[in-house]
Engineer: 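This is the structure I want to talk about, given as structure tokens.
Just so we're on the same page: letters track the sequence lines, and every chain starts at 1.
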Protein chains: 2
Amino acid sequence: MSVSFEVTRARPGVSGGKYPADCPTRVVLNHVTSRWGVLILLALEQGSRRWGELHREIEGISEKMLASTLRTFEADGIVHREAQPTIPPRVDYSLTPRGQEIAARLLPLMDWITDNADDIVSGR
Amino acid sequence: MSVSFEVTRARPGVSGGKYPADCPTRVVLNHVTSRWGVLILLALEQGSRRWGELHREIEGISEKMLASTLRTFEADGIVHREAQPTIPPRVDYSLTPRGQEIAARLLPLMDWITDNADDIVSGR
DNA sequence: CTGAATCCCATTCGATACTG
DNA sequence: CAGTATCGAATGGGATTCAG
């Protein structure tokens with residue numbers, strides 16, 4: 001299969017490389033690290049969530065940003081959306097396998113931040 | 001009314017927790033995942049860099065954002081700034097131990113993104 | 001209940017020009 | 001070289017309204 005290019009810049013992984021502006025990497029990175037992206041992924045990492053649950057759990061997010069971030073992730077194949085055509089409607093969001101891989105790599109970061117945020121913010 | 005939450009601590013790491021809007025965690029998370037934060041940290045993870053090197057290596061970043069992101073990280077104790085009072089001036093940036101801990105947790109994420117970005121963006 | 005659509009303001013971001 | 005100053009543009013995000 002012609003091997004996805006080492007072109008993506010003959011680099012040994014990210015380490016050692018540059019960060020071309022036009023790289024798909026940038027797009028995905030921006031989605032994941034978007035203002036609410038990490039929080040949504042971490043919430044879903046703990047299991048499927050309904051719209052309202054996400055809205056409540058992620059304090060401060062507006063309906064607009066929750067909707068648009070979820071749609072972006074759905075298009076990326078990171079989040080799965082399952083709507084039940086009932087009344088009232090019920091929609092569940094969950095991570096796809098791909099989303100789970102990302103979330104798994106986000107957990108160590110968040111745990112570290114959780115442990116150190118107080119010190120950092122208070123200038124220690 | 002104080003209410004200094006031990007709440008923030010009462011949880012078993014992030015896993016299982018909520019994400020209070022006023023939590024220092026949010027502040028740090030927003031710094032790290034700011035538009036250029038991750039790229040700067042990963043560039044510095046490979047070693048000390050001069051201003052101009054960072055500017056060249058991180059394609060697309062404006063001088064303004066490079067300056068302000070670096071200052072934020074410096075205030076957080078994540079990046080160390082060392083200026084030599086020479087002419088022309090020379091300023092080196094490097095990760096503090098704290099910054100290295102963060103960067104170490106960013107590498108697995110970036111490596112995964114590097115490996116999968118093409119598929120995601122092209123809709124596979 | 002789960003959104004989509006619209007309006008509008010605040011903040012962020014980027015390009016350019018300028019300085020020690 | 002390493003920034004700062006400024007300004008206009010883009011984006012984020014709140015509030016409200018509407019719909020299935």
Engineer: What pair of heavy atoms forms the shortest contact from A/Arg49 to A/Gln46, and how long is it?
Structural biologist: NH2-CB, 3.7 Å
Engineer: Atom CZ in A/Arg35, atom CG in A/Asn30: separation rounded to 0.5 Å?
Structural biologist: 15.0 Å
Engineer: Would you give the length of the straight line joining atom CG of A/Leu109 to atom CG of B/Leu107, rounded to the nearest 0.5 angstrom?
Structural biologist: 11.0 Å
Engineer: Rounded to the nearest Å, what distance is computed from the CD atom of residue B/Gln84 to the P atom of nucleotide D/dA2?
Structural biologist: 10 Å
Engineer: Output side-chain donor-acceptor pairs under 3.5 Å for residues 60-69 of chain B, partner residues at least two apart or in another chain, one line each.
Structural biologist:
residue: B/Ser62; atom: OG; partner: B/Met65; partner atom: N; Å: 3.2
residue: B/Thr69; atom: OG1; partner: B/Met65; partner atom: O; Å: 2.7

Engineer: What is the separation between atom CD1 on A/Ile40 and atom C1' on D/dG13, rounded to the nearest whole Å?
Structural biologist: 14 Å
Engineer: Who passes salt bridge (Lys or Arg N to Asp or Glu O under 4.0 Å) against A/Arg71, sequence neighbours left out?
Structural biologist: none
Engineer: Between P on D/dG13 and CG on A/Leu39, what's the gap in Å once rounded to a whole number?
Structural biologist: 11 Å
Engineer: With respect to the phosphate group of D/dA2, does any side-chain polar atom (N or O) of B/Arg50 fall under 4.0 Å of OP1 or OP2?
Structural biologist: yes
Engineer: Measure NE2/A/His55 against P/C/dA4 and give the value in whole Å, please.
Structural biologist: 13 Å
Engineer: CD of B/Gln84: more than 12 outside heavy atoms within 6.0 angstrom?
Structural biologist: yes
Engineer: For D/dG3, take OP1 and OP2 only and decide whether either is under 4.0 Å from a side-chain N or O of B/Tyr93.
Structural biologist: yes
Engineer: Let me know the distance between CG of A/Leu70 and P of D/dG13, rounded to the nearest Å.
Structural biologist: 14 Å
Engineer: Classify every nucleotide of nucleotides 8-20 of chain C by which part a protein heavy atom approaches to under 4.0 Å, writing B for the base, S for the sugar-phosphate alone and - for neither, in 5'-to-3' order.
Structural biologist: -----BBB-B--B
Engineer: When you check the phosphate oxygens OP1 and OP2 of D/dA2, does a side-chain N or O of B/Arg81 lie under 4.0 Å from one of them?
Structural biologist: no
Engineer: Whole Å only: how far is the CD1 atom of A/Ile87 from the P atom of D/dA19?
Structural biologist: 15 Å
Engineer: Output side-chain donor-acceptor pairs under 3.5 Å for residues 94-105 of chain A, partner residues at least two apart or in another chain, one line each.
Structural biologist:
residue: A/Thr96; atom: OG1; partner: A/Gly77; partner atom: O; Å: 2.6
residue: A/Thr96; atom: OG1; partner: A/Ile78; partner atom: O; Å: 3.1
residue: A/Thr96; atom: OG1; partner: A/Arg98; partner atom: N; Å: 3.4
residue: A/Thr96; atom: OG1; partner: A/Gly99; partner atom: N; Å: 3.1
residue: A/Arg98; atom: NH1; partner: A/Asp76; partner atom: O; Å: 3.0
residue: A/Arg98; atom: NH2; partner: B/Arg124; partner atom: O; Å: 3.4
residue: A/Glu101; atom: OE1; partner: B/Trp112; partner atom: NE1; Å: 2.4
residue: A/Arg105; atom: NH1; partner: A/Glu101; partner atom: O; Å: 2.8

Engineer: Using the C1' atoms of five pairs at each end, what's the angle between the two axes of the helix from C/dC1-D/dG20 to C/dG20-D/dC1, to 10 degrees?
Structural biologist: 50°
Engineer: Rounding to a whole Å, what distance do you find between B/Arg26:CZ and D/dG13:C1'?
Structural biologist: 14 Å
Engineer: Closest approach of B/Trp36 and A/Arg26, non-hydrogen atoms and distance?
Structural biologist: CZ3-NH1, 3.6 Å
Engineer: Atom CH2 of A/Trp51 to atom C1' of C/dA4: distance rounded to whole Å?
Structural biologist: 10 Å
Engineer: Do any pairs count as a salt bridge (charged side-chain N to carboxylate O under 4.0 Å, His left out) and have a residue in residues 83-92 of chain A, sequence neighbours left out, and if so which ones?
Structural biologist: A/Arg90-A/Asp92
